[in-house]
Trainee: 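Sharing a structure with you now.
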Protein chains: 2
Amino acid sequence: MLTQRAKYGLRAMCILAADTTGRPTLPIHELAERGHIPQKFLEAILLDLRRHGFLTSRRGKAGGYALARAAAEIPVSEVIRALDGPLAPIPCASLTAYQPCTDCPDPPSCEIRALMRQVRDATARILDGTSLAQLAAEGETPEESAKENA
Amino acid sequence: MLTQRAKYGLRAMCILAADTTGRPTLPIHELAERGHIPQKFLEAILLDLRRHGFLTSRRGKAGGYALARAAAEIPVSEVIRALDGPLAPIPCASLTAYQPCTDCPDPPSCEIRALMRQVRDATARILDGTSLAQLAAEGETPEESAKENA
DNA sequence: ATAATTCCTATCGGATTGATGGAGATTGAA
DNA sequence: TTCAATCTCCATCAATCCGATAGGAATTAT
């Protein structure tokens, strides 16, 4: 599951990536407002993203947040890993955070693990291959919007 | 996340699918033992799977559980949906259980939703395309086992 | 100084998850 | 008929996670 946390974090970073105002930073209250995100909650999320090196910040009046790197250099997968943890549906199928099941007699021969590894790989392929820049741009290219809904 | 619940359920169904003893049913205690699953917990899971139509059961002495359909006719995706809910990482990206985010101004143009829809589709492609029979057989074909681990 | 802002820690209620206990109901066999 | 094995059902529990908020300290431009 993508938590609210990760969803809010991505949304805020998209706003930063798509910002055209030319201002060096955007304050939390503006990100919260534009992203429909509870401000206090967003505060904690942005702090976390800064500690992970995705954002830079300025304190004091006229302070705020900005992306630490170019949006094209930030894979969505990294942001999600930072906020929600490993992509794999089960720890024994994770590459970046492998943890064997305590109840599994032999992980290498576990059928469920092999299948979940496939799911993980497919997910990682998509999310590693999508940068924040692409994500932020997606809203502007309404190609897919036709075959959407329910 | 794949919960313990779904993992245990799949594992038990694999044992049923792979069973060669010729017995019409297997009792819970045997499934629990062979699958390293807490028996009482498994009890609740099997009951749930039965209610969803995946299993049949017999009470009384020499009773137990059996698959209600051929293993080849049971997609893994359905079992997971029954035990864990929708496959999509976020409800607004689900086909079978669509729910819009309350904080999203316009789902059709939501970039995050579009991306998560891709993840959902990739996941569904794998899990819809894998039957319980295939899952149960996977352990016996050790092709993939070489490039495994960590 | 003052106002605007980030930073930090603590906390909270609610839901979910994994798991267990115990009391029936049913069945086959001795 | 009795008994043991088995599924059925309901209730409950502790731990964890999740979303969110409170309150204050530090920093900075004006």
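Values below: every heavy atom of this structure, side chains too, minus hydrogens, waters and symmetry copies. Proteins get letters first, then strands, A, B, ... in listed order; numbering begins at 1 in each.
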Trainee: Between Lys61(B) (NZ) and dG28(C) (P), how many Å, whole number?
Mentor: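 Answer to the nearest Å: 11 Å.
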Trainee: Would you call Arg23(A)-Glu30(A) a salt bridge at under 4.0 Å N-O?
Mentor: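 Between Glu30(A) and Arg23(A) there is a salt bridge, with a charged N closer than 4.0 Å to a carboxylate O.
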Trainee: For dA20(D), does OP1 or OP2 lie under 4.0 Å from any side-chain N or O of Tyr8(A)?
Mentor: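 Looking at the OP1 and OP2 atoms of dA20(D), one of them is under 4.0 Å from a side-chain N or O of Tyr8(A).
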Trainee: Write down the atom of Asp84(A), the atom of Ala6(A), and the distance for their closest heavy-atom approach.
Mentor: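 Of all heavy-atom pairs spanning Asp84(A) and Ala6(A), the closest is OD2-CB, 3.3 Å.
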Trainee: To the nearest angstrom, how far is Gln4(A) atom CD from dC17(D) atom P?
Mentor: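 These atoms are roughly 18 Å apart.
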Trainee: Return yes if the base of dC7(D) and the side-chain atoms of Glu43(B) contain a donor-acceptor N/O pair under 3.5 Å, otherwise no.
Mentor: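 By the distance-only test, no, there is no pair.
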Trainee: Between Gln134(A) (side chain only) and Ser131(A) (backbone N and O only), is there a donor and an acceptor less than 3.5 Å apart?
Mentor: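 Pair found, side chain donor or acceptor close to backbone of Ser131(A).
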Trainee: So, OP1 or OP2 of dA4(C): does either fall under 4.0 Å of a side-chain N or O from Arg58(A)?
Mentor: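 So the side chain of Arg58(A) is outside the cut-off, no N or O lying under 4.0 Å from OP1 or OP2 of dA4(C).
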Trainee: dG19(D) C1' sits how many Å from Leu42(A) CG, rounded?
Mentor: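 Those two atoms, CG and C1', are 13 Å apart.
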Trainee: When all nucleic acid strands are considered with a 4.0 Å heavy-atom cut-off, which category describes Leu46(A): base, sugar-phosphate, or nothing?
Mentor: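 It contacts nothing in the nucleic acid.
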Trainee: With a cut-off of less than 4.0 Å, is there a side-chain N or O of His29(B) near OP1 or OP2 of dA5(D)?
Mentor: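 So the side chain of His29(B) is outside the cut-off, no N or O lying under 4.0 Å from OP1 or OP2 of dA5(D).
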Trainee: Return the minimal non-hydrogen interatomic distance between Met1(B) and Ala88(A), and the atom names on each side.
Mentor: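 Taking Met1(B) first and Ala88(A) second, the nearest heavy atoms are SD-O, 4.5 Å.
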Trainee: Does Arg50(B) have a side-chain nitrogen or oxygen under 4.0 Å from the phosphate oxygens OP1 or OP2 of dC9(D)?
Mentor: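 Answer yes for this pair, as a side-chain N or O of Arg50(B) is under 4.0 Å from OP1 or OP2.
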Trainee: For Tyr65(B) and dT26(C), give me the distance from atom OH to atom C1', rounded to whole Å.
Mentor: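 Going from Tyr65(B) (OH) to dT26(C) (C1'), I get 13 Å.
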Trainee: Name the residue from Leu127(A), Thr96(A), Thr123(A) that meets the side-chain contact (heavy atoms from CB on, under 4.5 Å) definition with Ser77(A).
Mentor: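 Going through the options one by one, the only one that passes is Leu127(A).
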Trainee: Which nucleotide wins on minimum distance to the side chain of Ile28(A), given the candidates dT6(C), dC9(D), dG18(C)?
Mentor: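 Among the listed nucleotides, the one closest to the side chain of Ile28(A) is dT6(C).
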Trainee: How many Å lie between CD on Gln39(B) and C1' on dG18(C), as a whole number?
Mentor: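 Between C1' of dG18(C) and CD of Gln39(B): 16 Å.
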Trainee: Could you state the atom-to-atom distance from NZ of Lys40(B) to P of dT8(D) in whole Å?
Mentor: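 Those two atoms, NZ and P, are 12 Å apart.
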Trainee: Quick check: on DNA chain D, is the nucleotide nearest Leu2(A) upstream (toward 5') of the one nearest Gly60(A), or the reverse? Name the residue that is more 5'.
Mentor: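 Its nearest nucleotide lies further toward 5', so the answer is Leu2(A).
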Trainee: On DNA chain C, does the nearest nucleotide to Gly63(A) precede the nearest nucleotide to Arg51(A) from the 5' side, or the other way round? Give the residue.
Mentor: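 The residue closer to the strand's 5' end, by nearest nucleotide, is Gly63(A).
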Trainee: dC7(C), OP1 or OP2 - any side-chain N/O from Ser57(A) closer than 4.0 Å?
Mentor: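 Yes, such a contact exists.
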Trainee: Between P on dA4(C) and CD on Glu30(A), what's the gap in Å once rounded to a whole number?
Mentor: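 So the CD-P distance, Glu30(A) to dA4(C), works out to 15 Å.
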Trainee: Less than 4.0 angstrom between a side-chain N/O of Arg5(A) and OP1 or OP2 of dA20(D), yes or no?
Mentor: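 No, because none of the side-chain N or O atoms of Arg5(A) sits under 4.0 Å from OP1 or OP2 of dA20(D).
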Trainee: In whole angstroms, how far is the P atom of dT17(C) from the CE atom of Met1(B)?
Mentor: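 To the nearest whole Å, that distance equals 10 Å.
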